[in-house]
Amino acid sequence: MKDNDSAIATAGIAVSTPDAHAVGDPGTAKTATAKGPGTPKAAATTPSTPKTATPGTHVGRGMLLAALGVAAFSLTFPATAWGLEGMGPWTVVMLRSVLATVPAGAALLAMRVRPPERRHWAGIAVVAGGVVLGFPLLTTLALETSTTSHAAVVVGLLPLTTAACSAVRTGARPSRTFWIASLIGAVVVIGFAVQQSGGVPNRSDLLLFAALLVCAAGYTEGGRLARHMPGWQVIGWALVLALPVTVAGAALALSAEPLELTARSVAGVLWLAVGSQFLGMVAWYRGMAVIGISRASQLQLAQPLLTLLWSVLLLGERLPPAAPAAALAVLVCIAVTQRTRG
């Protein structure tokens with residue numbers, strides 16, 4: 001975040017105070033003018049100090065925004081299940097991306113954001129392939145035959161997969177504890193999937209594991225690009241880049257797949273487009289910018305558990321006893337990796 005703090009000098013000696021800087025917000029430092037010979041009495045009066053937000057206020061706001069992002073993401077699988085009630089999987093995915101491009105493109109135009117530099121477009125293409133197309137498509141196909149609670153536990157491994165992908169991409173060397181915790185988390189999830197599938201991973205499990213890989217690649221590349229541009233612009237340009245594919249795909253899917261619109265199917269797709277794909281990303285990236293990636297990541301640990309809750313409340317699913325236990329075990333493993341990285 002840019003720091004736009006400045007001290008404005010007036011006649012005499014300007015003495016800046018750190019009030020505005022203490023919270024890291026753009027603002028104007030207080031100035032006090034020393035009274036000298038011939039200085040008008042009014043000029044010697046210290047200007048009234050504008051009210052500034054306290055550090056606690058900023059942290060609370062950032063935590064709220066990040067929590068809203070996590071809540072939006074936790075509804076993705078239930079919303080997908082709703083969408084599949086009246087549309088085919090390809091229709092759900094393509095319409096979701098096309099509709100999400102509307103607010104994203106409008107925001108880019110309204111704020112007159114210049115296109116990224118040429119060297120960044122390859123990374124944006126990876127984000128588009130992983131986050132805009134790959135992950136939504138693979139998880140939607142998996143949810144045709146899998147419950148949302150099952151998918152939530154498997155995809156709960158995403159933070160670990162992303163961390164491992166990031167280590168490979170950046171050449172970082174996490175500690176041995178990090179890799180042990182990651183391995184334990186992977187074993188828990190694979191064991192859960194195998195146990196629930198009768199001893200052999202089924203088609204939906206394979207699709208979910210593939211979704212983890214492509215999404216981790218998209219998140220890793222998006223994190224790298226976020227060093228050069230705001231995160232919401234990364235997802236915005238990825239949606240715009242994928243638009244020719246998603247528009248053509250939506251047209252083909254609508255002509256090939258059955259369509260029976262219901263209130264739940266329409267609500268599901270609209271939430272996927274506006275809530276999960278765009279607004280959730282905006283709140284999430286803004287929250288991270290305020291409170292930092294490490295603290296925001298701790299909030300994301302609750303996402304699989306929230307999805308399990310939504311699957312019961314919104315879909316009426318009955319959770320297998322192993323689902324909450326596996327989700328909690330993965331949560332502990334991720335917490336360990338976050339601590340070792342932090």
Side-chain angles (χ1 to χ4, degrees), residues 71-106 128-155 196-197 202-211 214-215 235 238-240 242-281 303-304 306-320 323:
F73 301 151
S74 71
L75 283 162
T76 297
F77 285 172
T80 301
W82 277 13
L84 288 173
E85 292 180 4
M87 309 176 197
W90 290 87
T91 302
V92 170
V93 173
M94 296 302 164
L95 282 182
R96 159 187 176 163
S97 297
V98 171
L99 293 174
T101 309
V102 175
V131 178
V132 175
L133 295 173
F135 183 79
L137 178 59
L138 291 169
T139 54
T140 301
L141 291 173
L143 285 171
E144 284 191 296
T145 56
S146 173
T147 63
T148 60
S149 57
H150 181 95
V153 174
V154 176
V155 177
Q196 293 294 306
S197 303
N202 56 29
R203 173 178 173 271
S204 64
D205 291 326
L206 296 178
L207 289 170
L208 290 170
F209 285 127
V214 298
C215 191
I235 190 65
L239 285 165
V240 170
L243 189 60
V245 175
T246 55
V247 168
L252 290 173
L254 286 169
S255 64
E257 294 180 333
L259 184 67
E260 297 180 8
L261 296 182
T262 64
R264 292 199 350 165
S265 65
V266 172
V269 171
L270 288 178
W271 177 260
L272 290 172
V274 180
S276 298
Q277 192 80 64
F278 184 66
L279 292 181
M281 287 288 185
Q303 186 172 321
L306 284 174
T307 300
L308 293 180
L309 176 63
W310 298 133
S311 68
V312 173
L313 295 179
L314 299 179
L315 303 174
E317 292 185 4
R318 298 184 64 181
L319 297 181

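Counting begins at 1 with the first residue of the sequence.
- Partner T140 forms a side-chain contact (heavy atoms from CB on, under 4.5 Å) with one of L84, L207, L272 and no other, that one being L84.
- Of the inter-residue distances, the one linking L137 atom CG with L141 atom CG reads 4.5 Å to the nearest 0.5 angstrom.
- Nearest approach of A79 to W271, heavy atoms of both residues: CB-CD1, 3.8 Å.
- Annotation for V214 and G134: closest pair CG2-C, 3.9 Å, computed over non-hydrogen atoms.
- In this structure, the separation between NE2 on H150 and CZ on F77 is 10.5 Å, given to the nearest 0.5 Å.
- Atom CG in L315 sits 9.5 Å away from atom OG1 in T147 (nearest 0.5 Å).
- Atom CG of L138 is separated from atom OG of S204 by 12.0 Å, given to the nearest 0.5 angstrom.
- Considering only heavy atoms from C-beta on, L314 comes within 4.5 Å of L75 through its side chain.
- Rounding to the nearest 0.5 Å gives a distance of 9.5 Å between CG of L95 and OG1 of T246.
- Side chain to side chain, S276 and T76 meet the donor-acceptor criterion of an N or O pair below 3.5 Å.
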- Message: Using the rule given for side-chain contact (heavy atoms from CB on, under 4.5 Å), can you reason through T139 versus T80, listing the C-alpha separation, both sets of side-chain angles and the distance that settles it, and then say yes or no?
- Response: CA-CA 9 Å; T139 54; T80 301; 5.8 Å; no
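- Distance alone, capped at 3.5 Å, places no donor-acceptor pair between the S265 side chain and the L261 backbone.
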- Steps toward side-chain hydrogen bond (donor to acceptor under 3.5 Å, both in side chains) verdict (E85, T262): CA-CA 8 Å; E85 292 180 4; T262 64; 4.7 Å; no
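- Within the structure, side chain to side chain donor-acceptor pair (under 3.5 Å) contacts touching residues 90-105 (residues at least two apart or in different chains) are T91-E257, R96-Q277.
- In this structure, the side chains of P304 and V155 stay at 4.5 Å or more apart for every pair of heavy atoms.
- Within the 4.5 Å cutoff, side-chain heavy atoms of V312 are placed close to those of L319.
- The two atoms that bring A151 and S146 nearest to each other are N-OG, 4.0 Å, heavy atoms only.
- Closest of all the heavy-atom pairs between W82 and G268 is CB-CA, 4.1 Å.
- The closest donor-acceptor contact from the side chain of S255 to the backbone of L252 lies under 3.5 Å.
- Under the 4.5 Å side-chain criterion, counting only non-hydrogen atoms from C-beta, L270 is in contact with V266.
- Taking the side chain as every heavy atom from C-beta outward, W310 and T148 never approach each other to under 4.5 Å.
- The CD1 atom of I235 lies 9.5 Å from the CZ atom of F278; values are rounded to the nearest 0.5 Å.
- Residues P136 and G130 share a closest heavy-atom pair of CD-O, 4.3 Å.
- Between the side chains of Q303 and S74, no donor-acceptor pair is found at a separation under 3.5 Å.
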- What's the verdict on side-chain contact (heavy atoms from CB on, under 4.5 Å) for V245 and L133, showing C-alpha distance, side-chain angles and the deciding distance? CA-CA 9 Å; V245 175; L133 295 173; 4.3 Å; yes
